[in-house]
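Worksheet: the structure to be examined is printed underneath.
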Protein chains: 4
Amino acid sequence: MVLTSAQRVRRAAVKLFADKGFHGTGIRDLAQAAKLSPASLYHYMGTKEELLGAIMRESLNRLLTGAHEVTAGLAEPPEKLAALVALHVFTHAKQPAETKVVDNEVRALSAGLRREIVRLRDEYEQLWAETMETGLAAGVFHDDEPAVTRLALLEMCNGVARWYSPRGPLGLDRLAAHYAKLALRMAGAAESDCANAVRAAARVVSTVWRTPL
Amino acid sequence: MVLTSAQRVRRAAVKLFADKGFHGTGIRDLAQAAKLSPASLYHYMGTKEELLGAIMRESLNRLLTGAHEVTAGLAEPPEKLAALVALHVFTHAKQPAETKVVDNEVRALSAGLRREIVRLRDEYEQLWAETMETGLAAGVFHDDEPAVTRLALLEMCNGVARWYSPRGPLGLDRLAAHYAKLALRMAGAAESDCANAVRAAARVVSTVWRTPL
Amino acid sequence: MVLTSAQRVRRAAVKLFADKGFHGTGIRDLAQAAKLSPASLYHYMGTKEELLGAIMRESLNRLLTGAHEVTAGLAEPPEKLAALVALHVFTHAKQPAETKVVDNEVRALSAGLRREIVRLRDEYEQLWAETMETGLAAGVFHDDEPAVTRLALLEMCNGVARWYSPRGPLGLDRLAAHYAKLALRMAGAAESDCANAVRAAARVVSTVWRTPL
Amino acid sequence: MVLTSAQRVRRAAVKLFADKGFHGTGIRDLAQAAKLSPASLYHYMGTKEELLGAIMRESLNRLLTGAHEVTAGLAEPPEKLAALVALHVFTHAKQPAETKVVDNEVRALSAGLRREIVRLRDEYEQLWAETMETGLAAGVFHDDEPAVTRLALLEMCNGVARWYSPRGPLGLDRLAAHYAKLALRMAGAAESDCANAVRAAARVVSTVWRTPL
DNA sequence: CATGAATGAGCATTCATTCAT
DNA sequence: CATGAATGAATGCTCATTCAT
């Protein structure tokens with residue numbers, strides 16, 4: 001399959017920003033990876049920073065949309081949390097480069113862009129927070145430090161992008177299910193709730209991920 | 001309290017590498033933060049990269065030593081795991097800059113130094129792995145994906161450096177205890193084992209952290 | 001009134017070269033001002049430098065032709081000088097952009113084009129020199145440094161392009177007449193000759209400028 | 001005589017900005033002319049534009065100071081005008097590069113610096129305007145368009161920097177005296193006033209120019 | 001006639017580093 | 001111990017220009 005120049009630029013940027021960091025990636029690295037001259041790069045991007053911003057915006061928007069879709073049909077907090085975790089893990093395992101960029105390079109943005117990206121990220125994290133609160137209020141979660149647990153949970157899931165390999169022994173569905181179970185345990189859900197919730201999550205998430213992104 | 005120039009350089013580097021990344025930090029930034037001229041910096045360091053390496057080496061060695069000390073007197077896997085988690089969390093909460101550098105900037109090292117640092121890190125992580133294996137073999141942990149759980153655990157604990165604030169409502173001891181409990185839950189330990197293990201961990205860790213670092 | 005693309009290019013170049021200088025004007029500035037893409041520009045010009053040369057050539061040729069026309073019917077040196085000055089001032093006031101380009105951007109030309117343009121300029125200035133010499137020989141001008149005076153005169157007249165505004169209080173005819181008088185004074189002409197000469201000059205110059213350029 | 005690097009940078013900039021214009025001069029040209037690497041240039045300047053601004057500021061300040069000194073001891077408008085003209089001509093003949101930069105490159109400055117430089121230039125030109133007004137009010141000058149004459153006068157004098165050569169037949173004192181006479185004629189001063197005024201001007205100006213600048 | 005895509009060369013500026021003083 | 005002076009290499013980005021469509 002032949003890629004357009006614009007696509008090659010985007011992919012080169014995602015890969016290089018993820019591997020070497022924004023400041024560690026030069027415009028000439030980008031050009032070489034995109035098989036373009038440094039000058040030609042500028043047909044497909046504004047500045048290097050705007051390219052970074054565009055990558056982050058797109059990635060976060062996709063995650064946010066996915067999170068809404070995936071929780072839409074679910075009523076119980078354990079199911080919802082499992083679905084959020086599974087989607088997050090799926091995304092981080094399938095697109096480790098994009099997600100590493102989102103997770104690590106916010107500091108490279110200057111004020112204006114940073115504000116926008118942080119707002120998107122906060123919006124996304126709010127979905128997790130609401131789910132946990134609802135579950136605690138309903139008595140299906142048990143946790144004396146829910147704020148901490150939520151952060152711990154997120155960081156745990158982000159980590160997937162750092163180590164998961166599709167060539168490893170663990171399938172994506174198994175991985176997502178395992179993380180969902182870990183999450184429910186961390187939230188203090190009853191073991192009996194886990195299996196159902198994890199199953200429900202697996203179903204909706206794989207639906208979202210069948211859709212081409 | 002007055003700092004020596006060497007100390008000012010070290011601290012400036014830790015802070016700036018943590019905040020802006022290795023490649024995002026210039027020698028001039030370092031000099032300014034250390035209240036030295038760029039040329040004078042070179043009395044206290046080799047190259048910028050060697051400075052990074054030294055910071056990482058020291059930080060990892062300290063963690064490794066601490067891990068040995070903290071587990072030395074403990075026999076049961078739950079206690080050991082709780083101690084490792086608590087020490088890790090303590091360290092990441094007290095020295096977020098150092099640990100962020102260790103966790104994020106390995107990619108900035110060139111081959112030689114990287115090998116050394118990665119070896120240290122692997123040595124440290126091996127302690128976690130052994131503890132989990134022993135616990136599983138002894139039937140006090142229950143987990144069908146222990147390798148994954150170990151990685152999830154580590155990432156979760158690393159995350160503390162990214163968000164913990166000493167000005168927040170949560171004390172360090174409470175935080176460490178909470179993480180220890182989360183970890184034991186993730187490992188599938190019995191709830192009844194948790195409380196004891198966490199208490200034991202708290203005792204030994206605070207001993208280590210009373211010692212000046 | 002609608003302009004052709006070629007005209008838009010020419011006008012954009014004249015304006016921008018005058019305002020920002022040849023080196024200060026980019027091909028993209030030109031394209032934007034001409035409402036064309038940078039590539040399309042090249043249907044209407046050779047290189048950027050050739051465009052500059054063409055503007056200068058045309059402008060100088062027009063001035064040269066005008067100078068011949070304007071002095072053709074006049075016999076007395078004061079009348080001729082007055083006519084030359086008036087035409088020069090008229091031209092610089094009506095076409096400040098063109099004349100600024102001619103006066104300031106010769107240095108931007110490379111050797112070949114520069115030679116051509118300088119030759120045209122010299123040919124034009126020769127008309128002033130001859131007029132002054134004739135007047136001195138005839139005893140109607142009095143000046144002990146005529147070469148200097150001629151240069152001073154020219155620079156003074158060139159200056160008009162830098163400050164004259166049609167929105168100011170001074171009409172073009174009054175301006176030209178005033179400069180003609182200043183010139184005759186500088187040449188040491190008798191005050192009694194001035195009035196006549198200036199009147200004669202005004203007549204011929206306005207004739208030339210009624211013709212569309 | 002050996003020059004410091006800082007002096008070489010300054011001189012190179014003055015010469016090159018004058019010859020090829022600000023935009024026509026590259027940082028590499030500057031470095032080569034100053035016998036320094038492009039990087040070393042930046043020990044002695046801020047940006048290229050700030051270097052331009054510094055040159056202009058210094059040049060204008062010197063001219064302004066000189067104008068005050070030179071007119072301080074003179075009472076009569078013709079003498080004052082002659083002195084201003086003679087100083088201006090002296091300066092433009094002796095420092096053609098500096099003055100060409102001041103006269104031609106204001107447009108290359110960005111808003112902030114431009115404002116500052118234009119203010120200085122206006123302050124200087126105000127001295128000419130006041131002198132002419134006083135002379136007209138006193139009836140020693142006769143001119144029905146004094147504003148125009150003042151501008152014509154200035155442009156005429158600026159022109160000196162464009163053509164005067166110390167290797168030509170005309171001495172600096174003679175040149176200045178001639179311009180002073182031209183100026184008085186343009187202002188409509190009586191011929192009888194000219195000789196005295198020019199002599200007085202010559203005296204004060206050469207005093208100022210004996211002082212090292 | 002018009003332009004999107006492309007580029008080699010060049011831009012001003014900053015980089016980490018060295019060294020004489 | 002400290003630094004001003006110096007630099008080769010690299011930075012992100014723009015330049016004028018060409019050409020296939």
Side-chain angles (χ1 to χ4, degrees), chain A residues 4-6 8-9 22-31 34-52 108, chain B residues 4-6 8-9 22-31 34-52 108, chain C residues 4-6 8-9 22-31 34-52 108, chain D residues 4-6 8-9 22-31 34-52 108:
Chain A
T4 65
S5 293
R8 291 205 312 277
V9 169
F22 178 75
H23 289 305
T25 301
I27 229 71
R28 283 157 184 80
D29 300 327
L30 237 37
K35 292 171 203 272
L36 237 36
S37 72
S40 297
L41 233 44
Y42 286 85
H43 281 285
Y44 304 100
M45 54 181 247
T47 63
K48 192 180 123 180
E49 194 196 340
E50 285 165 4
L51 176 58
L52 173 62
Chain B
T4 66
S5 292
R8 291 206 310 276
V9 169
F22 179 74
H23 289 305
T25 302
I27 227 73
R28 283 157 182 78
D29 300 326
L30 240 35
K35 292 172 203 273
L36 238 39
S37 73
S40 297
L41 228 46
Y42 284 84
H43 284 285
Y44 304 99
M45 55 181 248
T47 64
K48 191 180 132 186
E49 194 195 343
E50 285 163 6
L51 176 58
L52 173 63
Chain C
T4 66
S5 292
R8 291 206 310 276
V9 170
F22 178 74
H23 289 305
T25 302
I27 227 74
R28 283 158 183 76
D29 300 326
L30 239 38
K35 292 170 203 273
L36 239 39
S37 74
S40 297
L41 229 47
Y42 285 83
H43 285 285
Y44 304 100
M45 55 179 249
T47 63
K48 191 180 131 186
E49 194 196 342
E50 286 164 5
L51 176 58
L52 173 63
Chain D
T4 65
S5 293
R8 291 206 311 277
V9 169
F22 178 76
H23 289 305
T25 301
I27 229 73
R28 284 156 185 79
D29 300 326
L30 238 37
K35 292 170 203 275
L36 237 37
S37 73
S40 297
L41 232 44
Y42 285 83
H43 280 285
Y44 303 100
M45 54 180 247
T47 63
K48 192 180 123 181
E49 192 196 341
E50 287 166 3
L51 176 58
L52 173 62

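In what follows, chains are A, B, ... by sequence order, proteins preceding strands, each numbered from 1. Please read these numbers as outputs of a predicted model, since none were measured by experiment.
For S40(C) and dC1(E), the shortest distance from a side-chain N or O to OP1 or OP2 is not below 4.0 Å.
Residues K35(A) and L36(C) both approach DNA chain E. Their nearest nucleotides, taken by heavy-atom distance, put L36(C) toward the 5′ side.
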Base-contact (B) and sugar-phosphate-only (S) positions in nucleotides 11-18 of chain E, heavy-atom cut-off under 4.0 Å, - elsewhere: BBBBBBBB
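Minimum interatomic distance between P38(B) and R28(B) (heavy atoms only, all atoms of both residues): CG-CG, 4.3 Å.
Here dA16(E) sits opposite dT7(F) as a Watson-Crick or G-U wobble pair (both hydrogen-bonding atom distances under 3.5 Å). Taking a pair to require two hydrogen-bonding distances under 3.5 Å in either a Watson-Crick or a G-U wobble arrangement, dA9(E) pairs with dT14(F). Figure legend. dT21(F) is base-paired to dA2(E); pairs are counted as Watson-Crick or G-U wobble with both atom distances under 3.5 Å.
T47(B) is not listed as a side-chain neighbour of Y42(B), based on a closest heavy-atom distance of 4.5 Å or more.
To the nearest 0.5 Å, atom OH of residue Y44(B) and atom CG of residue L36(B) are 6.0 Å apart. Between the NZ atom of K35(A) and the OG atom of S5(A) there is a distance of 11.5 Å, given to the nearest 0.5 Å.
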Audit row: L41(A), L51(A), side chain to side chain contact (heavy atoms under 4.5 Å, CB included) steps and yes/no: CA-CA 10 Å; L41(A) 233 44; L51(A) 176 58; over 6 Å; no
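The backbone N or O of T25(B) lies less than 3.5 Å from a partner atom in the side chain of K48(B), making a donor-acceptor pair.
Distance from the side chain of H43(A) is smallest for dA5(E) among the nucleotides dT3(F), dT3(E), dA5(E).
Residue Y44(C) contributes atom OH, which lies 8 Å from atom C1' of dA2(E) at whole-angstrom precision.
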